[in-house]
Amino acid sequence: MHTEVVVLAAGKGTRMYSDLPKVLHALAGKPMLTHVLEAALTVMPQKVHLVTGFQSDLIKQRYSPGEFSEKLNWVEQTEQLGTGHAVMQAAPHIQDNALVLVLYGDVPLIKPGSLSGLLNKAADSGIAVLTLVTDTPHGLGRIVRDNKNKIVAIVEEKDATEEQRRITEINTGIMAFNAGLLKSWLQQLNTNNAQGEYYLTDTVSIAHDAGIEINSLQTSDADEVQGVNDRLQLSELERSYQLNKARQLAKSGVTIADVNRLDVRGELQAGRDVILDINIVFEGKNRIGNRVTVGPNVVLINCEIGDDCEILANSHLESVVVEQRCTIGPFARLRPGTVLMPGAKIGNFVETKKAIVGPGSKINHLSYVGDAELGASVNIGAGTITCNYDGVNKFKTTIKDGVFVGSNTALVAPVTVGVNATIGAGSVITHEVPDQDLAVARGKQRNISGWKRPVKIKAD
Ligand code: UD1
Ligand code: CA
């Protein structure tokens with residue numbers, strides 16, 4: 001039996017107070033809907049029917065084309081008349097012999113294991129519900145069981161009796177069905193309820209009345225079924241996700257100064273004996289090698305860091321490749337296209353962009369090096385600037401092996417400095433410096449002897 005997934009994402013998300021559709025709000029660096037679609041793909045569905053309504057064009061823009069577009073079938077629900085109505089819109093696109101999994105676009109942390117478990121249960125009987133026992137069932141549908149503990153109905157809180165409201169087992173909203181049966185039950189839904197909506201949950205009592213057993217799977221992980229209705233819930237779910245992630249990393253051998261102060265928005269691969277200080281943000285895909293130490297307040301975005309590197313406090317690195325034994329920071333900014341070869345050193349208040357820094361080369365203080373290629377063992381003095389931009393075009397600076405650049409030098413690109421050349425401090429280098437030469441390009445010092453400083457003129 002093949003599987004098809006229906007993702008409900010037509011709701012307005014009123015309580016987000018946002019111009020962005022709720023499901024596009026990010027958790028751990030990517031839209032909630034992306035988390036859900038990734039989870040959906042783990043059950044190998046033939047199709048994922050995405051039901052959108054409110055701001056559906058923005059959601060379409062985000063996902064087509066894209067990694068999911070091959071599987072996605074866009075279903076429009078122009079009026080949000082309830083979860084049952086939303087599934088009705090998708091139903092004509094679903095084959096009768098399928099197993100159908102219903103997910104919510106605003107329940108981002110659902111786990112693959114629960115989905116496959118639920119589908120297995122639905123394959124047995126035709127319908128299965130994912131439930132949770134909680135002390136805070138407020139606002140949620142309650143699972144009503146008979147004296148043999150069989151599920152007979154789901155009642156929404158607004159329709160529930162006093163007694164039913166005391167039930168602590170709730171409907172997570174995630175359900176699985178035999179498609180043929182689901183379609184026949186959908187036809188029997190009505191809006192005779194407190195909210196005047198077509199409730200998907202009414203399929204449960206309809207199935208029960210038809211003598212079908214309702215299977216259930218109970219999760220003990222409240223986060224995986226936590227829906228996001230407002231930004232407080234989003235923030236709390238984010239913290240919970242991050243805490244889990246930090247704990248996993250710590251358990252897998254990463255030293256973490258404080259599991260409450262680490263943010264991984266994407267994928268992090270870390271080697272052995274990595275030490276992470278507080279308030280580090282990882283974004284996108286980061287890979288760090290063995291024995292790497294990262295100081296406090298560092299941001300790493302899509303970086304590759306080799307073995308035995310040290311990144312000191314308050315550094316910001318994006319799309320850079322750092323080979324082994326490099327030292328970076330504190331307060332360094334490495335922009336995209338920077339490559340540090342083994343043993344290179346970047347110090348404080350240094351900015352690099354599209355810069356290849358050769359083995360053992362140093363840019364220790366207060367410099368901008370962009371569109372540049374540095375050989376091995378180059379020393380760049382404090383305050384050196386590559387003038388790579390003439391206001392219209394960008395040009396390259398090439399600095400060969402063993403060059404020593406004195407402090408406060410401006411290298412006006414395009415320019416090449418030859419092997420082992422030396423540049424005197426304060427120079428403005430506008431053309432090539434041959435190998436071994438000393439280049440000095442600054443006003444000559446003039447001493448005026450007997451010079452007297454002006455004296456203060458006395459007021460009357
Ligand atoms: C629903 C369940 C409730 C369950 C709760 C879990 C029903 C009737 N109730 O509550 O038992 O405890 O989820 O969170 O199913 N949506 C649409 N179109 C619509 C209505 C909703 O796409 O017409 C989408 C929403 O965008 C959201 C999801 O369906 O992603 C759930 O809708 P929401 O209104 O949050 O659920 P409730 O009805 O409160
Ligand atoms: Ca909800």
Side-chain angles (χ1 to χ4, degrees), residues 5-16 18 20-25 31-33 35-37 39-40 48-56 59 74-91 101-110 127 129-134 136-144 151 153-160 164-165 167-177 182 185-186 189-206 214 216 218-219 222-230 233-234 237:
V5 177
V6 180
V7 177
L8 305 189
K12 201 161 173 200
T14 314
R15 283 174 284 161
M16 296 297 279
S18 178
L20 193 68
K22 175 164 76 175
V23 294
L24 292 189
H25 282 257
M32 289 194 267
L33 185 54
H35 289 271
V36 175
L37 293 175
V48 176
H49 307 275
L50 181 54
V51 183
T52 60
F54 183 69
Q55 289 177 320
S56 53
I59 301 174
W74 294 88
V75 178
E76 185 86 17
Q77 186 195 22
T78 36
E79 263 189 297
Q80 280 81 65
L81 303 179
T83 50
H85 183 259
V87 177
M88 283 178 206
Q89 310 312 302
L101 175 65
V102 177
L103 300 178
Y104 288 0
D106 57 2
V107 179
L109 298 185
I110 187 69
I127 175 168
V129 188
L130 184 64
T131 76
L132 173 79
V133 174
T134 167
T136 53
H138 180 75
L140 298 164
R142 307 297 204 280
I143 305 291
V144 182
I151 296 179
I154 296 176
V155 249
E156 293 308 297
E157 172 150 308
K158 287 184 177 139
D159 302 286
Q164 287 168 335
R165 283 183 196 192
I167 297 172
T168 54
E169 187 181 17
I170 59 96
N171 171 31
T172 65
I174 291 166
M175 300 173 81
F177 304 89
L182 171 65
W185 299 331
L186 287 174
L189 296 183
N190 61 53
T191 58
N192 303 329
N193 53 56
Q195 302 181 79
E197 288 181 359
Y198 293 98
Y199 290 168
L200 180 63
T201 44
D202 284 349
T203 54
V204 170
S205 53
I206 295 169
I214 290 93
S216 67
Q218 216 174 70
T219 173
D223 283 349
E224 77 159 321
V225 295
Q226 177 66 51
V228 170
N229 296 305
D230 60 34
Q233 285 173 332
L234 179 59
L237 201 56

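Hydrogens, waters and symmetry mates play no part in the numbers below; they use all other heavy atoms, side chains included. In each ligand, atom 1 is the first atom listed, and ligand 1 is the first ligand listed.
The closest heavy-atom contact to atom 17 (C) of ligand 1, among the options K158, Q77, E197, E156, comes from Q77. Of the listed options P21, A10, G82, A9, G82 places a heavy atom closest to atom 19 (C) of ligand 1.
By the 3.5 Å distance cut-off applied to N or O atoms, G139 is not counted among the residues near ligand 1. Of the polar atoms of G173, none of the N or O atoms is found under 3.5 Å from an N or O of ligand 1, judged by distance alone. The shortest N/O to N/O separation between E79 and ligand 1 does not fall below 3.5 Å.
Below 4.0 Å from some heavy atom of Y199 lie the following atoms of ligand 1, by number and element: 8 (C). Residue contact check: G141 has heavy atoms under 4.0 Å from atoms 3 (C), 4 (C), 11 (O), 12 (O) of ligand 1. Each of the atoms 27 (C), 30 (O) of ligand 1 lies under 4.0 Å from some heavy atom of D106. Using a 4.0 Å cut-off to heavy atoms of N171, the atoms of ligand 1 that qualify are 2 (C), 3 (C), 4 (C), 6 (C), 11 (O), 12 (O). Close contacts of ligand 1 with L140, meaning ligand atoms under 4.0 Å from a residue heavy atom, involve 5 (C), 6 (C), 12 (O), 14 (O). Those atoms of ligand 1 that come under 4.0 Å of a heavy atom in T172, given as number and element, are 6 (C). Short contacts between ligand 1 and A86, defined as distances under 4.0 Å to a heavy atom of the residue, involve ligand atoms 17 (C), 18 (N), 22 (O).
Assignment of L81 to the shell around ligand 1 is supported, since a heavy atom sits closer than 4.0 Å. Not a single heavy atom of I170 lies less than 4.0 angstrom from ligand 1.
In this model, a donor atom of one side chain and an acceptor atom of the other lie less than 3.5 Å apart for H138 and E157.
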